[in-house]
Amino acid sequence: GVSCERLAGLFDGVVLSPDSLPSRQSIVFPFDPMVQAELSDYLRDGHDISVYGSVVPVKNMADKAMLHELVSEDAYYPSWYVPEFSRWCRGSVLPGYTVFTEADLDKAILLLRRQGYGGVIIKDPSADGGKGQFVVEAGSALSAEVDLGDLRMTGRVVEPMLSATGMRSY
């Protein structure tokens with residue numbers, strides 16, 4: 001958009017499409033975090049770039065799953081998830097849990113209800129704009145319509161519903 005054009009103008013540069021490779025020294029402003037392998041591809045191909053944004057080892061490390069703790073110390077999690085990071089974030093994010101199994105999903109819902117929250121929201125951690133969210137109302141069971149995707153690898157975030165009309169987060 002306009003801000004990208006203005007920023008490029010400050011550096012006597014141009015805005016390229018996401019699939020274009022720069023032909024000269026470039027500053028890359030990724031809208032989404034870059035995975036290290038993507039950056040390595042740029043550099044291996046001889047491109048002289050600087051990245052202004054985040055670079056992560058694997059894509060999952062850049063989504064909501066990293067921000068919430070597990071339901072217990074012995075809960076299953078994939079190798080990319082870093083429990084210490086989620087503990088460090090605890091005071092900066094909404095209450096909630098990241099789960100990687102259906103048993104832990106049930107446990108997360110129960111724990112939030114015991115903490116006084118009625119309804120909960122189950123989120124696809126990589127979705128945004130209100131997509132991939134399912135509400136489980138107080139007193140109701142998990143619906144079959146909840147898409148658990150590749151739960152063991154990508155996880156789901158379980159947070160309390162904070163208003164009577166529901167909540168969307170981005």
For M153 against P78, the heavy-atom pair lying closest together = O-CG, 3.6 Å
Residues two or more places apart in sequence or in another chain: which of them pass side-chain hydrogen bond (donor to acceptor under 3.5 Å, both in side chains) with Q115?
-> Y97
Pair V158-D104, side chain to side chain contact (heavy atoms under 4.5 Å, CB included): steps then yes or no = CA-CA 10 Å; V158 185; D104 286 345; over 6 Å; no
Non-neighbouring partners of R152 that pass side-chain hydrogen bond (donor to acceptor under 3.5 Å, both in side chains), sequence neighbours left out = none
Starting at CG of L105, measure out to CZ of F100 and round the result to the nearest 0.5 Å.
-> 12.0 Å
Provide the closest heavy-atom pair for P125 versus G155 in the form atom of the first, atom of the second, distance.
-> CD-O, 3.2 Å
Under the side-chain contact (heavy atoms from CB on, under 4.5 Å) test, which residues partner R114, sequence neighbours left out?
-> L110
Of all heavy-atom pairs between P160 and L112, which one has the smallest distance, and what is that distance?
-> N-CD1, 3.9 Å
Any side-chain heavy atom of V120 sitting closer than 4.5 Å to one from E159?
-> no
How far does CG of D150 sit from CZ of R156, to the nearest 0.5 angstrom?
-> 8.5 Å
Test applied, side chain to side chain contact (heavy atoms under 4.5 Å, CB included); reference residue, V157; option that passes from V93, L67, T98 | T98
Validation row: V71, V99 side chains within 4.5 angstrom (heavy atoms) | yes
Answer yes or no: is there a side-chain heavy-atom contact under 4.5 Å between M66 and S86?
-> no
ring-ring contact (aromatic ring centres under 6.0 Å, His included) partners for Y76, two or more places apart = none
d(E84 CD, E69 CD) to nearest 0.5 Å is 10.5 Å
Using the test ring-ring contact (aromatic ring centres under 6.0 Å, His included), find all partners of Y77 that sit at least two apart in sequence or belong to another chain.
-> Y81
